[in-house]
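Every number for a ligand or one of its atoms is a count from 1 in the order of the listing. Along the sequence shown, the residues carry numbers beginning at 1.
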Amino acid sequence: MYQVIARKYRPQRFSDVVSQDHVKQTISNAIQQNRIGHGYIFSGPRGTGKTTMARILAMCLNCTDGPSSNPDPDDPVCKEIAAGSTIDVIEIDAASNRRIDDIRELRESVRYRPARDRFKIFIIDEAHQITTDAFNALLKTLEEPPEWVVFILCTTEPQAIPATIHSRCQSFQFRTVDLDQVVDRLRWICGQEGVEADDDALVAIALAGDGSIRDSESTLDQAIASCGAKLDADAVRDLLGAIPSEVSERILRALKEGDAPAMLDVVDRSFREGRHSQQFIGELCRQFRNLMVMKIAGPETKLVAAGSSERGRAEKVLADFSQEDLSRYTQILLDLYRELQHATQARFRMELGLLKLVYAGRLRPLEEVIAELGGSSAPTGGRQRFQGDSGTRPTRSSAAVRPPSATAPKTAPEPVVKQPKKDRPAPSATTTAPVDGSLKARLLEALRDAGEDFAADALDHGAVDESDSGGIVRPSPMDRTTIELCWSSIDAAAKIAGIGPIKLGEDSAERSPAVALPEAGESTAANGLPETESEAAKRALADPDVQAFQERLPGQIREIRNLREYSS
Ligand SMILES: Nc1ncnc2c1ncn2[C@@H]1O[C@H](COP(=O)(O)OP(=O)(O)O)[C@@H](O)[C@H]1O
Ligand SMILES: [Mg+2]
């Protein structure tokens, strides 16, 4: 009869048990020193070897020439224990024998000596299921047990076992098993079964097992049933509903390049392939968390459970993302995962969430902006990141931060907020560059050259008007947010195209004089304010900190209020 892998390969001696060295060592020492306790609690996650170890301990205690810390699995007693057919090792499933009557019965049987072997051993599985009354009934027995009795309580929830029981037992915590060790075990089992499996396939199976050997073995069974004697990574990932590595790579590329359409395509494909959206995002979350940890602790870190292909991929992309980027992505994905829990409209949520990832890569850390506002002007040295620029993206970094030296003006770039018009210094080389083609066409070209197609598409729907100092971008109402998000790329492109400083103006479709903020060049007074604006607004806009704020977050000052009008 076919026996499932998890049962067929249950370890029969300590040395076969994977991991859990602290438990193996302590118990075999205790046996060698003949210091055998009467109560043990084995706790830890499912499928990590608790029942297995309880049976091995039973073998150690009851084997023919024992007690021995290294019993012979071929010993007839051990064979009976392995088969679960010996009368003196009693396995009780506490999930179905949890009531006080069951425990009374157990207490009764404790009083009688073992029928044949040295010890009468009770292995109580799922011990946390026992009711409080039943536990109380067990206390006395555990405190003063007959010399021939050993209790082994196995549980995944040690905190549910009363302290009074804990204090009468020796406790051992089992741990989840490291990915490498699970993979080694799976590889060994495949060898025994004559199954050929590539490493990535085994890693995918072990990842699905989440540190539980039994779960991993069950998945291996399923994979062999589905794929036959040859397991390849993609087929296995497909079977498990895991994200194919090629899709992970596309997502990373879309983030690096700020490619929103590619991201929407990923969502579309995942829906067409019938993937479970929350599971998909959960897996993505895991991958980004791993990237974040690898960014902090290095790609070889033991803090992440990842196979060699995931590590290899990480090594290639880590330089493209900052630590802040990665923690922001992980946070967004966690939020999305939570949202998808009860979500209707999973597709829309996924699209929104993944687009948010793309946009999040274009944001600058707030601390940096504040530091700049508090300090003097442009960031000095170190990492220079602009909105719309990851700071590490090869296509953007240097171009967005400053123009290449060949075309760079010798003078410093002109600040966005100007002197009063009459005092304005002679225009710099940048602003007097010869004009060929419309401003918009030049700006679009510069943006596309810089690989900023997304920003260019948004800009294309609006208008770019000429102003005294440079240009005024008037986005279409639909594209305002995108333009704002991409502002620093557009700003940098304007400098490269020789247009000079640009400002974000009103929407192209609805220019109304009601907008609070003036455009450069439209006014005749200080700071570009129309003469009719209040003195207080003028003063506010002339403040160097406000100017710096406007320069870095263009279009974000929506309203100016004179607080004196509110006091008194
Ligand atoms: N540490 C381990 N080493 C090797 N195999 C293990 C280990 N833990 C679990 N297994 C595999 O999983 C199966 C179930 O393990 P078990 O001991 O019943 O887990 P639990 O911790 O849930 O009691 C075993 O038959 C064995 O195949
Ligand atoms: Mg068990």
Side-chain angles (χ1 to χ4, degrees), residues 1-28 40-60 70-71 73 78-79 81-85 89-98 121-130 150-161 169-193 195 202 205-225 305:
M1 196 185 82
Y2 178 70
Q3 204 176 15
V4 295
I5 287 176
R7 287 192 60 195
K8 186 168 171 189
Y9 295 98
R10 189 189 281 282
Q12 304 298 329
R13 53 175 103 203
F14 286 128
S15 56
D16 295 340
V17 175
V18 177
S19 178
Q20 323 302 359
D21 293 346
H22 56 301
V23 186
K24 292 190 273 192
Q25 191 65 46
T26 316
I27 292 183
S28 48
Y40 292 90
I41 295 177
F42 290 173
S43 63
R46 62 174 198 275
T48 50
K50 302 179 294 294
T51 309
T52 304
M53 199 75 95
R55 287 202 187 159
I56 296 177
L57 175 56
M59 291 177 198
C60 293
N70 191 18
C78 292
K79 279 186 156 167
I81 294 176
S85 60
V89 176
I90 301 126
E91 285 197 34
I92 300 169
D93 175 16
S96 47
N97 301 281
R98 57 201 293 265
I121 300 166
F122 294 89
I123 300 177
I124 307 184
D125 238 331
E126 311 293 333
H128 57 273
Q129 301 260 17
I130 296 175
V150 175
F151 281 101
I152 309 172
L153 311 184
C154 300
T155 177
T156 48
E157 292 173 37
Q159 72 284 359
I161 293 187
C169 296
Q170 295 180 27
S171 240
F172 293 91
Q173 272 101 44
F174 285 61
R175 299 175 185 150
T176 50
V177 181
D178 284 350
L179 187 78
D180 295 349
Q181 288 176 300
V182 180
V183 170
D184 286 348
R185 179 77 180 172
L186 295 178
R187 195 181 297 115
W188 176 78
I189 293 174
C190 284
Q192 298 291 308
E193 294 283 307
V195 170
L202 296 181
I205 292 173
L207 279 174
D210 209 12
S212 157
I213 298 202
R214 188 195 12 241
D215 288 11
S216 308
E217 288 173 350
S218 305
T219 310
L220 178 63
D221 244 332
Q222 191 189 344
I224 294 174

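Interface atoms of ligand 1 facing Gly47, defined by a heavy-atom separation under 4.0 Å, are 8 (N), 9 (C), 19 (O), 20 (P), 21 (O), 22 (O). Interface atoms of ligand 1 facing Arg46, defined by a heavy-atom separation under 4.0 Å, are 22 (O). With ligand atoms numbered from 1 in the order given, ligand 1 contributes 26 (C), 27 (O) to contacts under 4.0 Å with heavy atoms of Tyr9.
Annotation: side chain of Ile5 is in contact with side chain of Ile224 (closest heavy-atom distance under 4.5 Å). Side-chain contact between Met53 and Lys24: present, with at least one pair of heavy atoms (C-beta onward) separated by less than 4.5 Å.
Listed for the Gln12 side chain is a donor-acceptor partner under 3.5 Å among the backbone atoms of Arg10. Side chain of Ser212 to backbone of Arg46: a donor-acceptor contact under 3.5 angstrom is found. The main-chain N or O of Pro45 is found under 3.5 Å from a side-chain atom of Lys50 such that the two form a donor-acceptor pair.
Nearest protein heavy-atom neighbour of atom 21 (O) of ligand 1: Lys50 NZ, 2.8 Å. Closest to atom 6 (C) of ligand 1 among all protein heavy atoms lies Ile213 CG2, 3.5 Å. The single protein non-hydrogen atom nearest to atom 24 (C) of ligand 1 is Ala6 O, 3.4 Å, given as residue, atom name and distance. Looking only at heavy atoms of the protein, atom 14 (C) of ligand 1 is closest to Arg214 NH1, 3.5 Å. Protein heavy atom at the shortest distance from atom 15 (O) of ligand 1 is Thr52 OG1, 3.5 Å. The single protein non-hydrogen atom nearest to atom 4 (C) of ligand 1 is Pro11 CG, 3.5 Å, given as residue, atom name and distance. Considering only non-hydrogen protein atoms, atom 23 (O) of ligand 1 sits nearest to Thr51 OG1, 2.7 Å.
Using bins of under 30°, 30° to 60° and over 60° for the plane-to-plane angle, the ring pair Tyr9/Trp188 lands in the perpendicular bin.
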Exercise. Which is it for Lys8 and Glu217 under the salt bridge (charged side-chain N to carboxylate O under 4.0 Å, His left out) test, yes or no, and what are the steps along the way?
Worked result: CA-CA 10 Å; Lys8 186 168 171 189; Glu217 288 173 350; over 6 Å; no
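Rounding to the nearest 0.5 Å places CG of Asp184 at 9.5 Å from CG of Leu179.
Among the backbone and side-chain atoms of Thr52, none of the N, O or S atoms lies under 2.8 Å from the Mg ion (ligand 2).
At a heavy-atom distance under 4.0 Å, only side-chain atoms of Glu217, from C-beta outward, approach ligand 1.
By the 3.5 Å distance cut-off applied to N or O atoms, Thr48 is counted among the residues near ligand 1.
In the candidate list Val4, Thr155, Asp125, Val18, Val18 is nearest to atom 1 (N) of ligand 1, counting heavy atoms.
Across all non-hydrogen atoms, the minimal contact from Thr176 to Thr48 is CA-CG2, 4.0 Å.
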